[in-house]
Amino acid sequence: MIKTFIDKLLGKGAAGAGRGTRGRFGKRAEVPAAVHGINPELVDRRASDVVRTLKQAGYEAYIVGGAVRDLLLGLKPKDFDVATNATPEQVKSLFRRAFIIGKRFRIVHVVHGRGREHEVIEVSTFRAYMDNAAAEQVGGNEKTSKAQLAGMHHAVDASGRVLRDNVWGPQDEDATRRDFTVNAMYYDPETEVVVDFHKGIEDAKKRVLRMIGDPATRYREDPVRIIRAVRFAAKLSPLGFALEPKTAKPLVECEPLLREVPQSRLFDEMLKLLQTGHALASIAQLKSLGLATGIYPLLDVVVDRSSHPFVQAALADTDRRVGEGKPVAPSFLLACVLWQDVKAGWEQRLGRQQPFPALQDAIDDVFDKRIGDVSGRGKLAADMREIWVMQPRFEKRSGSTPFGMVAHLRFRAGFDFLRLRADVGEVEEALAEWWQEFSLADDARREDMIEQAREEQRARQRKAQPTVRRVPKAAPVATDDAEPPRRASDAGDSMAEPAAEDAAAPKKRRRRRRKPTGSGASEGGAPAGEV
């Protein structure tokens with residue numbers, strides 16, 4: 001009681017000693033539209049509606065994070081997040097379709113629309129900035145559902161890693177606990193004012209990615225920030241952004257801290273690196289920053305094989321699809337990366353197993369060795385398996401197989417995989433073109449294509465069969481009555497060219513024996529001696 005009163009007199013925060021003056025959390029600056037130049041037309045209407053609803057209920061609310069950064073750069077953000085001083089329960093009560101999600105970090109998803117056209121606005125509550133100095137004093141104002149944290153009063157562990165994020169606090173602390181200055185700005189779409197505590201607008205103009213506070217300390221608080229640093233550097237490098245030297249320097253030193261992060265979270269962060277439209281740039285950043293290995297085993301494989309033509313084509317295709325606003329699936333990209341392992345294991349087993357069981361066993365081995373136990377592995381593995389199993393089936397273009405293939409739920413993914421294989425010369429270009437045409441043709445044309453493919457296959461089979469030559473009959477043995485050969489090589493010539501020449505040669509006539517003289521005329525009436 002007395003300690004609390006003294007703390008208030010000294011101007012210390014409610015969380016206890018160690019916070020010091022408010023200056024450590026940055027100085028609030030409200031930047032008007034005339035200075036920041038954000039185009040209001042780039043702001044999502046549904047995000048503005050969420051902010052308006054919260055403000056009308058008496059709460060503070062802003063668009064926050066990467067959306068504000070992109071708006072400052074003149075880009076249209078892909079996602080819009082909102083930050084408020086309302087708790088998750090208070091936010092949920094204001095919207096008809098709102099859901100509280102998360103355990104370590106509780107947020108609210110406000111859903112607009114239905115089906116494929118729906119959009120989710122993520123709403124988070126301002127978080128308090130907790131460090132080792134204040135951890136002892138934290139009782140928490142939000143229960144945690146993690147059993148291992150039940151009854152625990154620490155916000156961070158001995159190494160400085162944050163254990164609890166559901167401790168609410170003021171806006172300036174929420175800004176300080178974010179990672180980069182360009183990601184810690186708040187935009188009010190109604191007043192068009194940007195609230196900036198850490199000179200984020202200035203850094204955006206300088207094209208600098210700077211960590212708020214001491215970088216090494218911030219990496220210890222949450223080692224995943226190491227991966228985020230790589231991702232933001234890759235995403236913004238085309239715009240001229242680069243990591244501040246002080247921010248980049250501790251990355252390699254702090255990389256071992258990632259071993260304490262759950263595998264499922266690392267897996268998700270790896271997918272963000274590879275599926276946000278900057279996969280090739282992310283790999284280039286990993287190599288340049290000295291992080292090519294050690295972050296996550298499967299990511300090590302991706303980086304190692306990134307120069308392989310097939311994997312490189314898959315990474316480039318993923319970046320292209322994201323840039324065009326098309327969906328991408330982690331199963332497809334990982335199937336491309338691990339196809340080399342599957343194919344090698346399959347070929348090794350073919351000598352002692354039937355083709356299909358050999359392929360299935362090879363796939364199982366790759367899953368156990370490369371994927372491990374991560375969240376969602378069942379669905380991911382099923383999709384990858386179907387893509388791989390389709391590949392030998394594409395070789396069969398007869399009967400009902402082609403019709404069943406194009407009706408398959410995963411046909412498009414399997415065909416795209418085949419298309420990439422054809423692009424790098426692993427299969428014939430004609431095969432991919434055939435399936436492309438077949439998938440778009442009507443039933444009559446499909447029947448014609450199958451018949452044509454069947455005829456081509458028969459022609460190839462006939463061509464592949466060895467030519468059978470008929471062995472010629474031996475030449476007849478000459479008798480005493482027969483005319484002797486004209487030259488010694490005649491017999492040999494008849495062996496070499498028996499059929500045509502024998503048929504064209506004149507028939508040999510046998511001589512008739514002369515009758516003895518003095519016998520007069522023959523019975524046939526011919527004079528003696530006329531033969």
Engineer: Is there a donor-acceptor pair under 3.5 Å between the side chain of R207 and the backbone N or O of L239?
Structural biologist: yes
Engineer: Output yes when a side-chain donor or acceptor of T247 lies under 3.5 Å from a complementary backbone atom of R210, and no otherwise.
Structural biologist: no
Engineer: Between I201 and M185, is any pair of side-chain heavy atoms under 4.5 Å apart?
Structural biologist: yes
Engineer: First locate atom CZ of F197, then atom CZ of F25, and finally report the distance between them rounded to the nearest 0.5 Å.
Structural biologist: 11.0 Å
Engineer: Can you check whether F367 and W388 have ring centres sitting under 6.0 Å from each other?
Structural biologist: yes
Engineer: If you count heavy atoms of other groups shown closer than 6.0 angstrom to CD of E429, is the number above 12?
Structural biologist: yes
Engineer: Looking only at side chains, do S48 and R45 share a donor and an acceptor under 3.5 Å apart?
Structural biologist: no
Engineer: I'd like to know whether CG of L409 has more than 12 heavy-atom contacts from other residues, nucleotides or ligands below 6.0 angstrom.
Structural biologist: no
Engineer: I'd like to check D174 versus W168 (side-chain heavy atoms, cut-off strictly below 4.5 Å). Are they in contact?
Structural biologist: no
Engineer: Could you walk me through whether W435 and L418 pass the side chain to side chain contact (heavy atoms under 4.5 Å, CB included) check?
Structural biologist: CA-CA 9 Å; W435 280 101; L418 177 73; 4.1 Å; yes
Engineer: Kindly indicate whether the side chain of F180, heavy atoms from C-beta on, has any atom under 4.5 Å from the side chain of I212.
Structural biologist: no
Engineer: Take I107 and I100, measure what side chain to side chain contact (heavy atoms under 4.5 Å, CB included) needs, and give me the verdict at the end.
Structural biologist: CA-CA 6 Å; I107 58 178; I100 298 176; over 6 Å; no
Engineer: Between atom CD of E255 and atom CD1 of I227, what is the distance when rounded to the nearest 0.5 Å?
Structural biologist: 9.0 Å
Engineer: Quick one, R321 with T318, criterion side chain to side chain donor-acceptor pair (under 3.5 Å). Give me CA distance, side-chain angles, the key distance, then yes/no.
Structural biologist: CA-CA 5 Å; R321 291 181 64 87; T318 300; over 6 Å; no
Engineer: When rounded to the nearest 0.5 angstrom, what is the spacing between CD in Q171 and CD in E60?
Structural biologist: 5.5 Å
Engineer: Given E30, which of V193, D196, V194 fulfils the side-chain contact (heavy atoms from CB on, under 4.5 Å) condition?
Structural biologist: V193
Engineer: Quick one: are S306 and Q312 in side-chain contact, heavy atoms under 4.5 Å?
Structural biologist: no
Engineer: So, for I387 and F332, which heavy atoms are closest and what is the spacing to 0.1 Å?
Structural biologist: CD1-CA, 4.0 Å
Engineer: Answer yes or no: is there an ion pair linking D70 with K76, defined by an N-O contact shorter than 4.0 Å?
Structural biologist: no
Engineer: What is the distance from atom CG of L286 to atom CG of L251, rounded to the nearest 0.5 Å?
Structural biologist: 10.0 Å
Engineer: Answer yes when R225 and E221 have at least one side-chain N-carboxylate O distance shorter than 4.0 Å, and no when they do not.
Structural biologist: yes
Engineer: Is P189 close to R52 at the side-chain level, that is, under 4.5 Å between some pair of heavy atoms?
Structural biologist: no
Engineer: Should the pair R305-D341 be classified as a salt bridge under the 4.0 Å nitrogen-to-oxygen rule?
Structural biologist: yes
Engineer: Out of curiosity, L315 CG to C336 SG, how far, rounded to the nearest 0.5 Å?
Structural biologist: 8.5 Å
Engineer: Using a strict 4.0 Å threshold on nitrogen-to-oxygen distance, state whether E173 and R127 make a salt bridge.
Structural biologist: no
Engineer: Quick check: are there more than 12 heavy atoms from other residues, nucleotides or ligands sitting under 6.0 Å from NZ of K249?
Structural biologist: no
Engineer: Show, in sequence, the C-alpha distance, side-chain angles and deciding distance for R228 and D179, and conclude whether the side chain to side chain contact (heavy atoms under 4.5 Å, CB included) test is met.
Structural biologist: CA-CA 9 Å; R228 287 170 59 84; D179 42 25; 2.6 Å; yes
Engineer: I'd like to know if E202 pairs up with K206 as an ion pair, taking the criterion as any Lys NZ or Arg NE/NH1/NH2 lying under 4.0 Å from an Asp or Glu carboxylate oxygen.
Structural biologist: yes
Engineer: Does the pair K246/E244 count as a salt bridge with the N-to-O cut at 4.0 Å?
Structural biologist: no
Engineer: For K272, is there an ion pair with D268 - N to carboxylate O distance below 4.0 angstrom?
Structural biologist: no
Engineer: T181 and D203: side-chain donor and acceptor closer than 3.5 Å?
Structural biologist: yes
Engineer: Got a donor-acceptor contact below 3.5 angstrom from the T176 side chain to the D172 backbone?
Structural biologist: yes
Engineer: Between D317 and R320 (salt bridge meaning N to carboxylate O under 4.0 Å), is one present in this structure?
Structural biologist: yes
Engineer: If you compare all heavy atoms of A204 against all heavy atoms of L73, which two are closest, and at what distance to 0.1 Å?
Structural biologist: O-CD2, 4.4 Å
Engineer: Do D365 and K369 sit within salt-bridge range, that is, some charged N less than 4.0 Å from a carboxylate O?
Structural biologist: no
Engineer: Hey, does Q436 have a side-chain heavy atom less than 4.5 Å from the side chain of F415?
Structural biologist: yes
Engineer: Roughly how far, to the nearest 0.5 Å, is CG of D222 from CG of L257?
Structural biologist: 10.5 Å
Engineer: Salt bridge check: are R218 and D214 linked by an N-O gap of less than 4.0 Å?
Structural biologist: no
Engineer: How close do Y59 and N85 get, counting heavy atoms only, and between which atoms?
Structural biologist: CB-OD1, 3.3 Å
Engineer: Counting N and O atoms only, with roles assigned by atom type, does the side chain of E324 sit under 3.5 Å from a partner on the main chain of D319, one being a donor and the other an acceptor?
Structural biologist: no
Engineer: Just do the ring-ring contact (aromatic ring centres under 6.0 Å, His included) check on F417 and F310 with the steps written out, would you?
Structural biologist: CA-CA 10 Å; F417 194 92; F310 184 57; 5.3 Å; yes
Engineer: In this structure, are over 12 heavy atoms from other groups packed under 6.0 Å from R259 atom CZ?
Structural biologist: no
Engineer: Can you name the closest pair of heavy atoms from A47 and I63 and give their distance?
Structural biologist: CB-CD1, 4.1 Å
Engineer: Could you check H112 against V50 for side chain to side chain contact (heavy atoms under 4.5 Å, CB included), going step by step and ending with a plain yes or no?
Structural biologist: CA-CA 10 Å; H112 293 266; V50 171; 3.7 Å; yes
Engineer: Does some side-chain heavy atom of Y296 sit less than 4.5 Å from a side-chain heavy atom of Q263?
Structural biologist: yes
Engineer: Say whether R69 and N183, considering side chains only, have a donor N or O and an acceptor N or O under 3.5 Å apart.
Structural biologist: yes
Engineer: Closest approach of P88 and T125, non-hydrogen atoms and distance?
Structural biologist: CD-OG1, 3.4 Å
Engineer: Could you check whether any side-chain heavy atom of L333 comes within less than 4.5 Å of a side-chain heavy atom of L274, counting everything from C-beta outward?
Structural biologist: yes
Engineer: How close do S237 and Q285 get, counting heavy atoms only, and between which atoms?
Structural biologist: CB-NE2, 4.2 Å
